[in-house]
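Only heavy atoms go into these numbers, but all of them, side chains included; no hydrogens, no water, no symmetry mates.
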Amino acid sequence: VQLKKDVFVYSFEAEFNDEKLIVEGNPNDKNAKCEKQEFEFDLEKSSLSIEYPVEAENGNVKKYTIVVKRKNKPDTTLKALTLSDIDIDFKSSQLDYEVTIPYSIDSTEIKAIPNDKEGRVEISMEEFFVVGENFIKIKVTNKEAQDTYVIKINRLEKIDETIATLN
């Protein structure tokens, strides 16, 4: 924070994920005192008011007030998510999914579009599905923030349809 003469209230923008703030003053007078202080900034709060005292040589104390506002978290959601040959009820705010697929489906192509043009998408999965549990992870990163969508794919075993007929 750049200080100005005779101004004692300032504003500051903290990053969306800052949990600790450290205030360290540098007094103009070599005989004045101020100490480095650490303040907790609960992630659930969007603002915080900090009082920072500076003591003059004669004992007088001036308090500086810093109003800290938290920046918004960058958007790490998807606008669209589609899997070829697999139906999924996609909701942008939902990160976990589970679907069951028949044995006849052994792979899929994924199209994942981030909501924010600065968002980057990284998909990790095996090339082919095995019978049983398979996982697809779609990581969306935007600046320092990230979220991961996880899709659990349950691939059924191959069934001999000739034994499923009735007499």
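- Taking all atoms of both residues into account, the shortest heavy-atom contact from T148 to L95 is O-CB, 3.8 Å.
- L83 is not listed as a side-chain neighbour of D85, based on a closest heavy-atom distance of 4.5 Å or more.
- Separation of atoms CG (D106) and CZ (F129) is listed at 8.5 Å; rounding is to 0.5 Å.
- No salt bridge links D18 with K20; every basic N to acidic carboxylate O contact stays at or beyond 4.0 Å.
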Can you give each donor-acceptor pair under 3.5 Å made by side-chain atoms of residues 116-128, sequence neighbours left out, with the distance rounded to 0.1 Å?
from : atom 1 : to   : atom 2 : distance (Å)
D116 : OD1    : E118 : N      : 2.7
D116 : OD2    : N142 : ND2    : 3.4
R120 : NH1    : K117 : O      : 3.3

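- For Y149 (side chain) and S92 (main-chain N/O), a donor-acceptor pair under 3.5 Å exists by modelled atom type.
- When atom types are taken as modelled, the side chain of E15 and the backbone of N17 share no donor-acceptor pair closer than 3.5 angstrom.
- Across every non-hydrogen atom of Y97 and D89, the tightest pair is CE2-O, 3.4 Å.
- For the pair N134 (side chain) and G132 (backbone), a donor-acceptor distance under 3.5 Å is present.
- The CD1 atom of I136 sits 4.0 Å away from the CD1 atom of I110 when rounded to the nearest 0.5 Å.
- How far CD1 of I153 is from CD1 of I88: 7.0 Å, rounded to the nearest 0.5 Å.
- Two rings, from Y52 and Y64, have their centers 6.0 Å or more apart.
- Scanning all heavy atoms of the two residues, the minimum distance from V99 to D87 falls at CG1-O, 3.7 Å.
- Checked by atom type and distance alone, the side chain of R155 pairs as donor or acceptor with a backbone atom of I105 at under 3.5 Å.
- Using a 4.5 Å cut-off on side-chain heavy atoms (C-beta onward), L48 and L21 make contact.
- R70 places a side-chain N or O within 3.5 Å of a backbone atom of F16 that can act as its donor or acceptor partner.
- Remark: the backbone N or O of Q146 is not paired with any side-chain donor or acceptor of T76 at under 3.5 angstrom.
- The minimum heavy-atom distance linking I113 with K111 is given by the pair CD1-CE, 3.9 Å.
- The salt bridge (Lys or Arg N to Asp or Glu O under 4.0 Å) check on K73 picks up D147, with sequence neighbours excluded.
- Side-chain contact annotation: E98 with N154, donor-acceptor N/O pair under 3.5 Å present.
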Residues 33-41, side-chain donor-acceptor partners within the protein, below 3.5 Å, at least two apart:
none

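- Between the NZ atom of K152 and the OG1 atom of T100 there is a distance of 8.5 Å, given to the nearest 0.5 Å.
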